Peer 1: 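Let me begin by handing over the structure; questions about it come next.
Chain identifiers are assigned alphabetically (A, B, ...) following the order of the sequence lines, protein sequences preceding nucleic acid strands; residue numbering begins at 1 within each chain. Quantities reported herein were computed from a predicted structural model and do not represent experimental measurements.
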Amino acid sequence: MSTLRLQKNTCVQDYIKQLNPSQREAVVNTEGPVMVIAGAGSGKTRVLTYRIAYLMDEKKVDPFNILSLTFTNKAAKEMKERIGKIVGGNEAKNLWMGTFHSVFAKILRFEADKLGFPSNFTIYDAEDARKVIANVIKEKNLDKEVYKVKSVASRISSFKNALITPKEYLRSPELQENDAAARMPMMGDIYRAYAERCFRSGAMDFDDLLLYTFILLRKFPDVLAKYQDRFRYIMVDEYQDTNHAQYLIVKSLANRYGNICVVGDDAQSIYAFRGANIRNILNYQRDYEDVRVFKLEQNYRSTKTIVGAANSLIKKNKEQLDKNVWTDNSDGEQIVINKTVSDTDEASYVARTIFEKNMQEHIPFSDFAILYRTNAQSRAMEESFRRRNIPYRIYGGLSFYQRKEVKDLLAYVRLTINSNDEEAFRRVINYPKRGIGDTTLEKITVAANANGVSVWEICSNLGYYQSVGLNKPTTVKIQDFVTKIQSFKALAKEAEAFDLATHIAKTSGLLRELSQDKTPEGISRTENIQELLNSVKEFTENQKEIEDGNPSLSGFMEDVALLTDSDNTTDEDNEKVSLMTIHLAKGLEFPIVFIVGMEESLFPSMMAMSSRADLEEERRLFYVALTRAEKEAYLTYAQMRYRWGKLIDCEPSRFLQEIDESFLNINTPDFSPFTGAYGDSDEPSASRRPSPRRAPTSSAPSRSRQPQRTMPQRKNLRKIESSLPSANSDSVADTNPSDINVGDRVKHQRFGHGKIKEMEGAGPNKKAVIQFDNVGEKKLLLKFAKLEKVSG
DNA sequence: ATTTTACAAATTTTT
DNA sequence: TTTGTAAAAT
């Protein structure tokens, strides 16, 4: 026993010896407020894990007194495992480690009665929340063209993030004027009704988990004191992505011991759209006294080229903390920029490059990642990977738990556990069909609102609530439904979670309904139900092994609401190319990264081009994407792509010009836009879209699309060539780069007038050193610079 | 009450 | 392109 103990101690010491000086400082300075600015790839997770291990092993802090908040469940799980390896799994398991949402949900379930919630409250996901809001708008007879569900939902979300309750909203003339000016004077009413409805349903949405935690701690000093005393050491990861509510909760929890360590990188703040406030990290030193700041600036992940390129890009942002990320790694390859004619072409370029690298250099598929701005871009990639038989895995998109059939079954389960859950009720009251329609539902809702009770309360006591005014047959149908759910509730008391869930799937009629659908989609839906049942089984087995586990179905439901797909990665995903959005890629790394769709109004997104702050966030997003790469990065863009089912012209992203050109290798392969793109003729063109290179004799491509296909192309080519001439640019726009010589006066779109001082390089990589009248000397790549020759 | 049909809208990112 | 909603028909 003692030798084991000794061994563990030497382990921690050994580990700490491996750290660089600033990492080590960040680990051993455990007391008081600390901020760790961790550049991309600087070993941040390492520091966090060692810090916690150090606290436990060296400082003998009870894991029960350590709170560590992360951004994703996955990060928490991984960190816990790593700590377990150092200090022993039994010790690590008592750590309070998880996402803000999951830790707070745990606290809220424990203290729920104080707020008037049941401890088995339901957690509404975004879809549930939106449906409730839609119902409220409808019931209030508001114009849904003015009160768009989406904007109302995001407005309510921002109230909650700012810790504004409906009451406070209705007391604030300023807020109300604000919404009145936006032609939504009823916003406060909607907000109040929504909150009331959730409360009656015994439900909280994602934002409520934060808001109610805040209210709990403010309203009950004894509860606050309890958790302040418990959490003697607090660590917050990804601090740049915390919102106002999270900021204040953390602050009040840390108020007693003051041992708070926040870790983050302002350059990687990419969640402002969701209420994250970058000021939290920028102002940290003002918020806490005697903050010690440690900067992790050495990058261990990437080549000098990638680090340099990323630095040159992020320099363009104004608001940031001062730091200098550097690396000892080798120079590595230049970053490849590739232009393609269309989105399909872009996809086949990516697939072909990966295929060749795999064949010739024996690089495993798992070394590659494709990153994109929007989920919709994954489809083109998917098709071309399938054609080449390259194994891939798409992360994100529609999560398993968001699928209709899965949510349907979960709704039955939710109703069994918490019958007041109105969203679950509405979802399944008439699915499968029971002949209970809108009119009936409307009557019940009116009665529920009039009596201030849940719809379930009405339905289970139809005898008492005579005023509902239902006819006999309908009453019987509803009573049947109620009886069914009640039988589930009774069974829930004794049956195993898996058996109960299976019973519900069968008895509710859901499985029967699905099995009648013999289409491939229908079969896969049945399989999804099967898979859900399996995961219930798996969950209970796991819980039984844990001392204080909760193997019941309600235990499963507590977990499931906060789970995302990436949390249950089966490790069978080896040897696959990863496809995901850039947001999802945060915190990950890959040897070779493709960033696709580098086009204006796609990346940066159209929505983000109006304000500087938004644009800076997009730039940080690009910074995050670029710094995922260890060895090589490829940036690709298409001249046109399908969006909203239409073919549209695209222009290369401004971000491409913002990277220092010395890191770039601009690759403009010789292609002819009218005969197709690349030597991909060996792959069967299974695409439903008429491929531009395909002969017109092949099976009739839709006539309406053909003119669309060729016309914009011609127009588009000219436009792009003026900025980025391709190899075969014989028809040249305004100024041919080869016409520009030393001594010429030129005009640049952004930098204004200047004079050519020097020229270097040749062909597509030709550069010019220009002395600009206003902005000084710049070295520009001619093909990017959009120079215009000025006479005189 | 339910099914069919037609038409519009949507795509920025997610705990 | 797909998805959802509203109106119309059964």
Side-chain angles (χ1 to χ4, degrees), chain A residues 69-76 98-105 123-127 129-131 134 138 144-145 148-150 153-154 157 160-161 204-210 238 241-243 245-246 269-276 343 371-380 383 395-399 401-402 404 430-442 471 473-474 477 521 561-567 580-586 597 601-609 614 617-618 620-622 624-625 641-648 687-689 702 705:
Chain A
L69 296 167
T70 60
F71 195 66
T72 62
N73 295 302
K74 199 177 154 204
T99 60
F100 277 92
H101 291 86
S102 69
V103 169
F104 294 165
I123 296 172
Y124 278 175
D125 67 13
E127 190 197 344
R130 244 178 281 150
K131 282 187 172 173
K138 204 169 181 180
K144 64 178 167 40
E145 294 302 313
K148 299 247 198 236
V149 175
K150 234 180 87 181
S154 83
S157 173
K160 290 182 176 178
N161 285 333
M204 294 193 194
D205 64 24
F206 285 136
D207 301 313
D208 283 333
L209 294 175
L210 307 179
E238 309 282 13
D241 286 326
T242 51
N243 65 29
Q246 292 166 324
S269 161
I270 55 174
Y271 282 100
F273 72 92
R274 203 169 86 189
D343 48 356
L371 307 182
Y372 34 79
R373 178 67 237 267
T374 67
N375 277 310
Q377 289 166 261
S378 68
R379 188 188 297 166
E383 279 173 11
Y395 293 79
L398 189 65
S399 127
Y401 298 103
Q402 289 169 344
K404 184 185 177 306
N430 201 28
Y431 181 80
K433 294 262 140 50
R434 302 189 170 82
I436 302 169
D438 288 344
T439 355
T440 311
L441 214 50
E442 170 117 26
N471 56 30
T474 318
K477 284 179 207 160
E521 294 82 24
L562 296 170
L563 276 185
T564 51
D565 263 6
S566 50
D567 295 325
M580 63 186 85
T581 63
I582 301 167
H583 282 89
L584 265 185
K586 191 168 82 160
S601 80
L602 182 59
F603 193 15
S605 153
M606 181 134 47
M607 309 294 195
M609 300 209 302
D614 286 350
E617 174 146 321
E618 292 285 302
R620 291 193 294 268
L621 194 57
F622 185 34
V624 168
R641 80 169 55 235
Y642 272 97
R643 281 179 93 181
W644 323 286
K646 282 226 175 71
L647 195 59
I648 60 152
S687 168
R688 266 167 289 131
R689 279 180 214 158
S702 114
R705 199 178 283 144

Peer 1: Any side-chain N or O of A:Asn375 less than 4.0 Å from the OP1 or OP2 oxygen of B:dT13?
Peer 2: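 The answer is yes; a side-chain N or O of A:Asn375 sits under 4.0 Å from OP1 or OP2.
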Peer 1: From CG of A:Asp205 over to P of B:dT15, roughly how many Å is that when rounded to an integer?
Peer 2: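 In whole Å, B:dT15 P and A:Asp205 CG are 15 Å from each other.
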Peer 1: Under a 4.0 Å threshold between the charged nitrogen and the carboxylate oxygen, would A:Arg620 count as salt-bridged to A:Glu617?
Peer 2: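 Yes, charged N to carboxylate O under 4.0 Å.
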Peer 1: Roughly how many Å is it from CG in A:Asp241 to C1' in B:dT13, rounded to a whole number?
Peer 2: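 So the CG-C1' distance, A:Asp241 to B:dT13, works out to 12 Å.
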Peer 1: What integer number of Å spans the C1' atoms of C:dG4 and B:dT13?
Peer 2: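 It works out to 22 Å between them.
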Peer 1: Who are the side chain to side chain donor-acceptor pair (under 3.5 Å) partners of A:Tyr372, not counting sequence neighbours?
Peer 2: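 Not a single residue meets the side chain to side chain donor-acceptor pair (under 3.5 Å) criterion with A:Tyr372.
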Peer 1: Between B:dT3, B:dT12, B:dT14, which nucleotide has the shortest distance from any of its atoms to the side chain of A:His583?
Peer 2: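 From the listed options, B:dT14 comes nearest.
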Peer 1: Both A:Lys150 and A:Ala126 contact DNA chain B. Which one's nearest nucleotide lies toward the 5' end?
Peer 2: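 Here A:Lys150 is the residue nearer the 5' end.
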Peer 1: Starting at NZ of A:Lys148 and ending at C1' of B:dA9, how long is that distance when rounded to a whole Å?
Peer 2: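 Spelled out: NZ on A:Lys148 to C1' on B:dA9 is 9 Å.
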Peer 1: Can you figure out which of B:dT13, B:dT15, C:dT2 approaches the side chain of A:Thr99 most closely?
Peer 2: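 Nucleotide nearest to A:Thr99's side chain: B:dT15.
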Peer 1: Would you classify A:Asn430 as touching base, sugar-phosphate or nothing, given that sugar-phosphate means primed atoms plus P, OP1 and OP2, and contacts are heavy atoms under 4.0 Å?
Peer 2: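 Here A:Asn430 touches the backbone only, sparing every base.
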Peer 1: Between P on B:dT11 and NZ on A:Lys646, what's the gap in Å once rounded to a whole number?
Peer 2: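 Nearest whole value for this atom pair: 16 Å.
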Peer 1: Relative to each other, are the rings of A:Phe206 and A:His101 parallel, tilted or perpendicular (30° and 60° limits)?
Peer 2: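 Answer is perpendicular, since the angle exceeds 60°.
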Peer 1: Side-chain N or O of A:Ser605 versus OP1/OP2 of B:dT11: is the shortest distance under 4.0 Å?
Peer 2: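 No.
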Peer 1: Rounding to an integer number of Å, can you tell me how far A:Arg620 CZ sits from B:dT13 P?
Peer 2: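 That distance rounds to 18 Å.
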Peer 1: Any side-chain N or O of A:Thr439 below 4.0 angstrom from OP1/OP2 of B:dA1?
Peer 2: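 Looking at the OP1 and OP2 atoms of B:dA1, one of them is under 4.0 Å from a side-chain N or O of A:Thr439.
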Peer 1: Could you check how far CZ of A:Arg643 sits from P of B:dT11, rounded to whole Å?
Peer 2: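 It is 12 Å, rounded to the nearest whole Å.
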Peer 1: Report, as yes or no, whether the 6.0 Å neighbourhood of atom CG on A:Asn471 holds more than 12 heavy atoms from other residues, nucleotides or ligands.
Peer 2: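 Yes, the 6.0 Å shell around CG holds more than 12 heavy atoms from other groups.
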Peer 1: With a cut-off of less than 4.0 Å, is there a side-chain N or O of A:Lys586 near OP1 or OP2 of B:dT13?
Peer 2: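 No, because none of the side-chain N or O atoms of A:Lys586 sits under 4.0 Å from OP1 or OP2 of B:dT13.
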Peer 1: Please determine whether a side-chain nitrogen of the Lys or Arg among A:Glu383 and A:Arg379 lies less than 4.0 Å from a carboxylate oxygen of the Asp or Glu.
Peer 2: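 A salt bridge is absent here (no side-chain N lies under 4.0 Å from a carboxylate O).
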Peer 1: Can you see if the side chain of A:Lys433 gets near the phosphate of B:dT3 - specifically, an N or O under 4.0 Å from OP1 or OP2?
Peer 2: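 It does, given that an N or O in the side chain of A:Lys433 lies less than 4.0 Å from OP1 or OP2 of B:dT3.
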Peer 1: Output the rounded distance in Å from NZ (A:Lys404) to C1' (C:dT2).
Peer 2: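 My rounded result for the distance is 17 Å.
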Peer 1: Just call it for A:Phe603: base, sugar-phosphate, or nothing, with non-hydrogen atoms closer than 4.0 Å on any strand.
Peer 2: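 It contacts nothing in the nucleic acid.
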Peer 1: In dot-bracket form, how is DNA chain B paired, counting a Watson-Crick or G-U wobble pair only if both its distances are under 3.5 Å and using | for bases paired to another strand?
Peer 2: ||||||||||.....
Peer 1: Would you classify A:Ser102 as touching base, sugar-phosphate or nothing, given that sugar-phosphate means primed atoms plus P, OP1 and OP2, and contacts are heavy atoms under 4.0 Å?
Peer 2: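 It contacts nothing in the nucleic acid.
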Peer 1: Output yes if the stacking criterion (under 5.5 Å between centres, under 30° between planes) is met for A:Phe273 over the base of B:dT13, else no.
Peer 2: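 By the stated criterion, A:Phe273 and B:dT13 stack.
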Peer 1: For a side-chain hydrogen bond (donor to acceptor under 3.5 Å, both in side chains) check, start with the C-alpha distance between A:Thr439 and A:Glu442, then their side-chain angles and the critical distance, and finish with the verdict.
Peer 2: CA-CA 5 Å; A:Thr439 355; A:Glu442 170 117 26; over 6 Å; no
Peer 1: Between A:Ala608 and A:Glu145, just flag the one whose closest nucleotide in DNA chain B comes earlier from the 5' side.
Peer 2: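 Nearer the 5' end of the strand: A:Glu145.
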Peer 1: I'd like to know if the side chain of A:Asp241 reaches the main chain of A:Ile270, judged simply by a donor and an acceptor atom lying under 3.5 Å from each other, with no hydrogens or angles considered.
Peer 2: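 Side chain of A:Asp241 to backbone of A:Ile270, a donor-acceptor pair under 3.5 Å: yes, one is there.
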Peer 1: Contact class for A:Phe71 (heavy atom, under 4.0 Å): base, sugar-phosphate, or nothing?
Peer 2: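 If one applies the 4.0 Å heavy-atom cut-off, A:Phe71 turns out to touch the sugar-phosphate alone, with no base involved.
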Peer 1: Nearest to the side chain of A:Arg379 - B:dT15, B:dA1, C:dT1?
Peer 2: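 Nearest to the side-chain atoms of A:Arg379, counting from C-beta on, is C:dT1.
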Peer 1: Is the positively charged end of A:Lys404 above the ring of A:Tyr431, judged by distance under 6.0 angstrom from the centroid and angle within 45° of the axis?
Peer 2: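 Judged by the rule, A:Lys404 and A:Tyr431 form a cation-pi pair.
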Peer 1: Check the angle between the aromatic planes of A:Tyr271 and A:Phe273 and answer parallel, tilted or perpendicular using the 30° and 60° thresholds.
Peer 2: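 Judged by the thresholds at 30° and 60°, the geometry between A:Tyr271 and A:Phe273 is tilted.
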Peer 1: What's the CG-C1' distance between A:Leu621 and B:dT12, to the nearest Å?
Peer 2: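 Rounded to whole Å, this separation is 9 Å.
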